[in-house]
Amino acid sequence: MTYIMGYIKSAALEEKGFVVLDSYNQELDPKEWLDIEYNDWKSSGDTRFAPLASAFGDIECNGFWNHKPPRTDKDGVWIDSQTEKAPNLTRRAQEPGANVGRCRVIELQPTPYGDCLYNLHQDDNNRLNPDGTGWVVRGFFNLTDDKDSYFVLRENRTDPSIEYRIALPAGAQLIVDTQRLWHAATHNGDEPRYCLITSWTSGPELDAYIAKYNGTDDVPNYEVAQDVLEHGYAEQARKDAARAAYYAAKGQQVKQAMSEA
């Protein structure tokens, strides 16, 4: 645990901004993500979300700072009607013992690499987060067996020179400083991908959890053919240009720093 820029941060995430934990045996658990209630909250791609914890215990996904009173992504309220249907997912989100903000399952429809790059975004987890407190990061637990899919992480949204690609079979577990890293998922397949996403507050509890499950940033990149990479770069540039042209025509400046609401 270290103090950086006035916040308590996990030393394990300092170098690359993420760690991969030991794989979870997803076959042990029922498919609870199919039983909970979703709403059509859009993030990066064609998505729905099923919240387990929200600002006031309602089935909604808005940022905590958009409520009254506004606050940072901490002290989420568990939703009884959801957690009763998903006790194993709830247990996994609560296991670190760290403060939980938003906790929800994402349903992502198939998303090719080029669309993933266009969807790359940074989160706004730490809006209103007071100095001297724990920095909010996010856990991603892949629930479906998406062997041909991968999480994309970049330090710079349009620079592929530093790009981490993390494989997403069932049971893949990673923790990401999503306010630092641009991120999105490439999902190759015919069925939706499901993943449990939990906002955790950094501190000794999260550090102990990372150590318990051998968190490391020394993992191989998911291998992608060069022609797929090149096509993806071109598709991102094409879509960025189209977006810039759209806003220019409306006399507005394009907001390059895409962030999650």
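Note that these values count all heavy atoms, side chains included, but never hydrogens, waters or copies made by symmetry.
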- Item | is_close_aromatic(F141, Y24), centroid dist under 6.0 Å | no
- Task: Working to the nearest 0.5 Å, report the span between CD of E60 and CG of N39.
- Result: 8.0 Å
- Message: Just so I know, are the side chains of L13 and I210 near enough to count as touching, which here means a heavy-atom distance under 4.5 Å?
- Response: yes
- E230, CD: over 12 other non-hydrogen atoms inside 6.0 angstrom: yes
- Item | Hydrophobic cluster identity match, F64 and W135, side-chain contacts under 4.5 Å | no
- Message: Between the side chains of R180 and E155, is the shortest nitrogen-to-carboxylate-oxygen separation below 4.0 Å, so that they form an ion pair?
- Response: yes
- Grab the two heavy atoms, one from E205 and one from G97, that are nearest each other, plus how far apart they are. CG-O, 3.8 Å
- Query: Between D131 and G6, is there a donor-acceptor pair closer than 3.5 Å when you use the side chain of the first and the backbone of the second?
  - Reply: no
- pair F18-V219: side-chain heavy atoms closer than 4.5 Å: yes
- Item | Beyond-backbone contact of V224 with T186, side-chain heavy atoms, under 4.5 angstrom | no
- Does the pair E235/R238 count as a salt bridge with the N-to-O cut at 4.0 Å? yes
- Message: Would the distance check show the side chain of W200 and the main-chain N or O of A93 forming a donor-acceptor pair, the cut-off being under 3.5 Å?
- Response: yes
- How long is the gap from CG on L117 to CD on E163, to the nearest 0.5 Å? 6.0 Å
- Message: I want to check something: taking the side chain as every heavy atom from C-beta on, are L128 and P70 in contact at a cut-off of under 4.5 Å?
- Response: yes
- Mind listing the closest non-hydrogen atom pair of L174 and L168 along with its distance? CD2-CD2, 4.5 Å
- Query: Checking side chain to side chain donor-acceptor pair (under 3.5 Å) for the pair N125/S199: CA distance, chi angles, key distance, verdict?
  - Reply: CA-CA 8 Å; N125 309 319; S199 295; 4.6 Å; no
- Task: Of all the heavy-atom pairs spanning V77 and G57, show the shortest one and how long it is.
- Result: CB-N, 3.5 Å
- Query: Can you name the nearest heavy-atom pair linking H187 to R193, along with the distance?
  - Reply: NE2-N, 3.4 Å
- Item | Closest heavy-atom pair and its distance - D124, Q179 | C-OE1, 3.6 Å
- Heavy atoms, side chains only, cut-off 4.5 Å: are K16 and L153 in contact? no
- Query: Heavy-atom count around Y246 OH within 6.0 Å, excluding the residue itself: above 12?
  - Reply: no
- Compare all side-chain heavy atoms of K147 with those of D145 and state whether any distance is below 4.5 angstrom. yes
- Message: Looking at H183 and H121, would you say the former's side chain and the latter's main chain have a donor-acceptor pair under 3.5 Å?
- Response: yes
- Verify side-chain contact (heavy atoms from CB on, under 4.5 Å) between R91 and D29, making sure each step is shown before the conclusion. CA-CA 11 Å; R91 169 188 56 80; D29 290 354; 3.8 Å; yes
- Charged N-O contact under 4.0 Å between D115 and K239: yes
- Hey, could you give me the CG/OG1 distance between L34 and T144, rounded to the nearest 0.5 Å? 9.5 Å
- Are I197 and V20 linked, directly or through other ILVMFWY residues, by side chains that come within less than 4.5 angstrom of each other? yes
- Working to the nearest 0.5 Å, report the span between SG of C103 and CH2 of W78. 4.0 Å
- Task: Provide the closest heavy-atom pair for Q26 versus G171 in the form atom of the first, atom of the second, distance.
- Result: CB-N, 4.0 Å
- Message: Check for me, please, whether Y7 and V136 land in the same ILVMFWY cluster - side-chain distances under 4.5 Å, paths through other members count.
- Response: no
- So does D123 pair up with R102, basic N to acidic O under 4.0 Å? no
- Supply the atom-to-atom distance R157 CZ to Y118 OH, rounded to the nearest 0.5 angstrom. 7.5 Å
- Query: Does the Q82 side chain pair with the main chain of P51, one donor and one acceptor, at a distance under 3.5 Å?
  - Reply: yes
- Message: Checking N99 against D75 for the side chain to side chain donor-acceptor pair (under 3.5 Å) test, could you report, in this order, the C-alpha distance in whole Å, the side-chain angles of both residues, the deciding distance, and whether it holds?
- Response: CA-CA 6 Å; N99 184 289; D75 301 310; 2.7 Å; yes
- Report yes or no: does T216 contribute a side-chain atom to a donor-acceptor pair with the main-chain N or O of D218 at less than 3.5 Å? yes
- Beyond-backbone contact of Y209 with I175, side-chain heavy atoms, under 4.5 angstrom: yes
- The single option from I79, I59, T198, L196 passing side-chain contact (heavy atoms from CB on, under 4.5 Å) against L52: L196
- Item | Pairwise distance CG(L108) to OG(S149) - rounded to 0.5 angstrom | 8.0 Å
- Query: Hey, mind stepping through R92 and E32 against salt bridge (charged side-chain N to carboxylate O under 4.0 Å, His left out) and telling me if it holds?
  - Reply: CA-CA 12 Å; R92 294 179 65 189; E32 296 175 344; over 6 Å; no
- Are the side chain of D217 and the backbone N or O of G17 linked by a donor-acceptor pair below 3.5 Å? no
- Does any non-hydrogen side-chain atom of S81 lie less than 4.5 Å from one of E37? no
- Name the one of Y164, F151, Y150, Y113 that satisfies ring-ring contact (aromatic ring centres under 6.0 Å, His included) with Y222? Y150
